[in-house]
Amino acid sequence: MVERQDAFVERQDAFVERQDGAWRVLPIEGRFELVYEDGKGAWSVRRIQAHELKIGPGRVLLGGTDRDRDGYRGFRADRIHRLTDRDTGERVERAILDWLIRRADAARRARAAARRREARRSGPRAA
């Protein structure tokens, strides 16, 4: 039972907004396909399972697991030319950073509402 609770706490911690040095880290979830331009100007299509949106000095990174390259990668938001939500089919070609921030904020509000519902369902705890 304790192991199960520990795993739950770790999973919950992954969905908490945090400060990591100069970076503000917003949790974000989703399966996205990106048309991405790397630092050398080469374009590629990347499929990722998104985990976080990192907002820092002078840049914003979308972090997640690259499904084709089998590892965690960070993608500069200003180099994403098109983003497709693989679950809904929604395609974004303009104001991608704004869309990502709205997505992270909507997830934050949904998690807060779920915590409030759970707290009401649990009721006051005995000391």
Side-chain angles (χ1 to χ4, degrees):
M1 178 69 160
V2 171
E3 288 178 23
R4 208 167 144 198
Q5 286 176 332
D6 291 344
F8 177 76
V9 168
E10 285 178 22
R11 183 162 158 45
Q12 288 296 97
D13 288 347
F15 298 114
V16 175
E17 182 177 331
R18 66 187 190 281
Q19 195 72 30
D20 187 6
W23 296 83
R24 179 177 168 213
V25 182
L26 307 174
I28 189 169
E29 300 174 67
R31 295 181 324 130
F32 304 137
E33 182 177 279
L34 311 176
V35 174
Y36 186 74
E37 181 179 359
D38 70 16
K40 296 178 183 176
W43 289 37
S44 61
V45 175
R46 310 296 281 273
R47 296 179 316 126
I48 70 162
Q49 177 67 48
H51 302 297
E52 59 191 10
L53 190 61
K54 296 179 81 170
I55 302 170
R59 67 177 49 146
V60 177
L61 302 174
L62 174 62
T65 305
D66 186 319
R67 310 298 282 179
D68 298 320
R69 298 180 185 195
D70 198 32
Y72 181 90
R73 300 284 190 272
F75 299 93
R76 283 182 44 175
D78 61 327
R79 293 184 179 166
I80 300 171
H81 293 281
R82 183 177 69 223
L83 179 147
T84 304
D85 184 322
R86 297 189 61 200
D87 293 322
T88 66
E90 182 177 3
R91 190 170 161 167
V92 183
E93 295 185 30
R94 291 199 159 98
I96 292 170
L97 176 56
D98 293 337
W99 186 91
L100 288 166
I101 290 172
R102 282 193 311 271
R103 173 75 175 246
D105 191 48
R108 180 191 56 78
R109 286 193 314 270
R111 283 190 301 278
R115 282 194 300 272
R116 286 192 301 274
R117 283 192 304 275
E118 181 61 30
R120 281 194 303 270
R121 205 174 16 235
S122 299
R125 296 183 185 251

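Any value given below was found using the heavy atoms of this structure, including those in side chains, with hydrogens, waters and symmetry copies removed.
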Would you mind reporting whether [Y] and [X] have side-chain heavy atoms less than 4.5 Å apart?
X	Y	answer
Ile96	Leu62	no
Trp99	Ile80	no
Glu93	His81	no

Distance check, rounded to the nearest 0.5 Å: [X] atom [atom1] versus [Y] atom [atom2]?
X	Y	atom1	atom2	result
Glu33	Arg67	CD	CZ	13.0 Å
Leu26	Ile101	CG	CD1	7.5 Å
Phe75	Asp38	CZ	CG	10.5 Å
Arg82	Phe32	CZ	CZ	14.5 Å
Ile28	His51	CD1	NE2	11.5 Å

Notebook entry, point to check: Is the backbone of Leu83 close enough, under 3.5 Å, to the side chain of Tyr36 for a donor and an acceptor to pair up by distance?
Noted result: no
Next item on the list: Of all the heavy-atom pairs spanning Ala104 and Pro27, show the shortest one and how long it is.
Entry: CB-O, 3.6 Å
Checklist line | Over all atoms of both residues, closest heavy-atom pair of Gly89 and Thr84 | finding: O-CG2, 4.1 Å
Checklist line | Among Glu118, Glu17, Glu29, the one residue meeting salt bridge (charged side-chain N to carboxylate O under 4.0 Å, His left out) with Arg111 | finding: Glu29
Note to self: Can you confirm whether more than 12 heavy atoms, excluding those of Asp87, are under 6.0 Å from its CG atom?
What the structure shows: yes
Next item on the list: With salt bridge (Lys or Arg N to Asp or Glu O under 4.0 Å) as the test, would you mind laying out the steps for Asp105 and Arg108 before giving the verdict?
Entry: CA-CA 5 Å; Asp105 191 48; Arg108 180 191 56 78; 2.6 Å; yes
Without placing hydrogens or testing angles, list every side-chain donor-acceptor pair under 3.5 Å for residues 52-61, not counting sequence neighbours.
residue : atom : partner : partner atom : Å
Glu52   : OE1  : Arg18   : NH2          : 3.1
Glu52   : OE2  : Tyr72   : OH           : 2.5

